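Worksheet: one structure, shown below.
Counting convention: from 1, in listed order, for ligands and their atoms alike. All residue numbers refer to positions in the sequence shown, counting from 1. Since this is a predicted model, take the numbers as computed values, not measurements.
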Amino acid sequence: MQGTESNADRGSWNSKLGFILAAAGSAVGLGNIWAFPSKVANNGGAAFILVYIFCCFMIGYPVMAAEMAIGRKSGKSPVGAFKSLIPGNPFFPLVGMWGVICGFMILAFYNVVAGWTASYIFEEIFTFTGDLSLAAVFADTNNGVKNAAFAIFFMVASVGIVTGGVSGGIERSNKIMMPTLVLILVVLAGYVATLPGAADGLRVYLVPDLSKITPQLIFAALGQSFFSLSLGMGCMITYGSYLNKKQNIPNSAIWVTSSDFSIAFIAGLLVIPAMYVAQGSGITIYDEAGKLIGGGTLVFSVLPTLFHQMPPVIGLIVGVLFFLLLSIAALTSTISLLEVPTSYLIDEHNWSRNKASIAMGAAILSVSMVIAFKPALVDTFAMIFNDIGLPLGGLFISLFVGYFWTITAAKGELSKGHPDFENSWFAKLWPVFIKYISPVLIAGVLGASIYQLIL
Ligand code: PHE
């Protein structure tokens, strides 16, 4: 009876496209639109993008396929998945637990940043109506009470969708939200390209200066790729656990990876040129050292300037749509972040979906409340749980698949739903990437960076 109950609460995806959209919805979020452009600016423009592409496709993509395979084979979220694939191993369930903790902590700060995006919808409206003091309240990322209110709003929305279950809640909402998001982003990027000053931004964004590739840039690109692709904490294990055997995993994972990369790329195509357009109206975009200013408030400072200079009604529509788009993108990611700790309670402790998501939501929200009043913590949390935590998880997932669960077992799972698996390039290359390339590169980059941080 218990089994039936938890199965009903686990759920499954209704369609092939539904899964891809939900996984892409998890991947596409603040990581693409808020974090990526600012990392590009901080790390010297196009050179960052080159390293980032490498991280996404050579490290991220193989790990994503591995996570989905682990999830589908075990039918479990991370802790249970590791337990069931090699029973008795005491270490890997801890890796799963680390994933649950990263999901918890990332969501705690993500909620606050998501709240900033939603509050900028009101900033745009009040700027348009001329209520400038009200607009300033909504624009203030340091206003604790306002931050807290919006973080609560986001958590309630995420809990609402996650309690709705896998196909009804998560899948249905993503099907509508994802395509809308892409459409609005492309239109805006196209518009910005026509404005004076945009050409300078496009040059910085598209013409790489290879001398800018530093160890720090590589560390930033690796962490950003894991964060943006939702990897290293078992999110794709969890989403994979709702998959049926007909889905082609290598194929789905390449769709998710390339759409996530493309959307980040388009977001940069919007934000970086917009910085140069804003410079034309007196906004400072370089620091004293002559470096582009990135940072957590970049999109919130540069883009509204752009919107406010548009003809009144158009500016209002574009500004509101943009921040609405960001909020939507954030919501499809917060639900996946919440799903990981929630499904842990459902799978490992037999909680009902309602009880699990409400309890986890409340616990995470209590940490969000601290961050709401001390927003500088966002950077600290991002450093520990994204930049270090996620690649670390990815390292152990690669080692797990390559050396413990075994490549043969993983290939057995990956071949299901793939008509000509044995002859595919994927079947030949993936084992090499997951066994050698990904663990060596992740360990190298993490090791070097932690060494530098400590010294
Ligand atoms: N990928 C999401 C984004 O880019 C964030 C996320 C990270 C979601 C990890 C789930 C797991 O915004």
Side-chain angles (χ1 to χ4, degrees), residues 21-40 52 55-56 60-61 63-64 67-68 71 77-78 96 98-117 154 158 161-162 170 174 177-178 181-182 185 220-240 253 256-268 271 296 299 325-344 360 364 378 381-394 397:
L21 285 180
S26 162
V28 176
L30 295 173
N32 306 59
I33 296 160
W34 164 72
F36 180 76
S38 130
K39 298 241 160 121
V40 172
Y52 182 71
C55 292
C56 284
Y61 170 59
V63 171
M64 185 181 290
E67 284 203 24
M68 289 174 177
S77 51
W98 174 243
V100 172
I101 295 171
C102 284
F104 187 108
M105 294 303 199
I106 291 175
L107 182 52
F109 81 78
Y110 201 97
N111 238 336
V112 175
V113 181
W116 292 344
T117 68
F154 256 93
S158 312
I161 295 178
V162 170
I170 302 179
N174 273 299
M177 295 196 268
M178 282 292 294
L181 181 160
V182 177
L185 203 53
L222 181 70
Q224 174 63 20
S225 66
F226 270 78
F227 178 61
S228 191
L229 293 170
S230 304
L231 296 177
M233 50 158 275
C235 179
M236 292 298 168
I237 295 182
T238 309
Y239 271 26
V256 175
T257 308
S258 32
S259 51
D260 185 67
F261 170 76
S262 312
I263 293 175
F265 187 77
I266 301 170
V271 175
V299 291
L325 149 97
L326 253 182
S327 304
I328 291 169
L331 187 60
T332 56
S333 301
T334 55
I335 55 187
S336 73
L337 282 159
L338 181 61
E339 179 65 17
V340 173
T342 298
S343 59
Y344 161 73
M360 270 300 173
I364 295 170
V378 168
F381 271 58
M383 170 62 96
I384 302 172
F385 298 104
N386 297 352
D387 292 345
I388 298 177
L390 298 183
L392 193 65
I397 290 167

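The distance between the ring centers of Phe36 and Tyr52 falls below 6.0 angstrom.
Taking every heavy atom of both residues into account, Ala329 and Ile33 meet most closely at CB-CD1, 4.4 Å. Scanning both residues, Cys56 and Thr257, for their nearest heavy atoms gives O-CG2, 3.7 Å. Leu222 approaches Ser225 most closely through the heavy-atom pair O-OG, 2.7 Å.
For ligand 1, the atoms lying closer than 4.0 Å to a non-hydrogen atom of Ser336 are 8 (C), 10 (C). Within ligand 1, the atoms closer than 4.0 Å to a non-hydrogen atom of Met233 are 9 (C), 11 (C), numbered from 1 in the order shown. Set against the non-hydrogen atoms of Leu30, the atoms of ligand 1 under 4.0 Å away are 12 (O). Within ligand 1, counting atoms from 1 as listed, the ones closer than 4.0 Å to a heavy atom of Gly29 are 3 (C), 4 (O), 12 (O). For ligand 1 and Ser228, the ligand atoms under 4.0 Å from any heavy atom of the residue are 1 (N), 4 (O).
Under a 4.0 Å heavy-atom criterion, Tyr110 is in contact with ligand 1. Using 4.0 Å as the threshold, Asn32 has a heavy atom nearer than that to some atom of ligand 1.
Nearest non-hydrogen protein atom to atom 4 (O) of ligand 1 is Ala27 O, 2.9 Å.
Across the listed options Ala23, Cys235, Ser230, Ser230 owns the non-hydrogen atom lying nearest to atom 8 (C) of ligand 1.
Checked against a 3.5 angstrom limit, the closest N/O atoms of Leu390 and ligand 1 fall outside it. For ligand 1, the polar-atom distance check against Gly31 finds a nitrogen or oxygen pair separated by under 3.5 Å.
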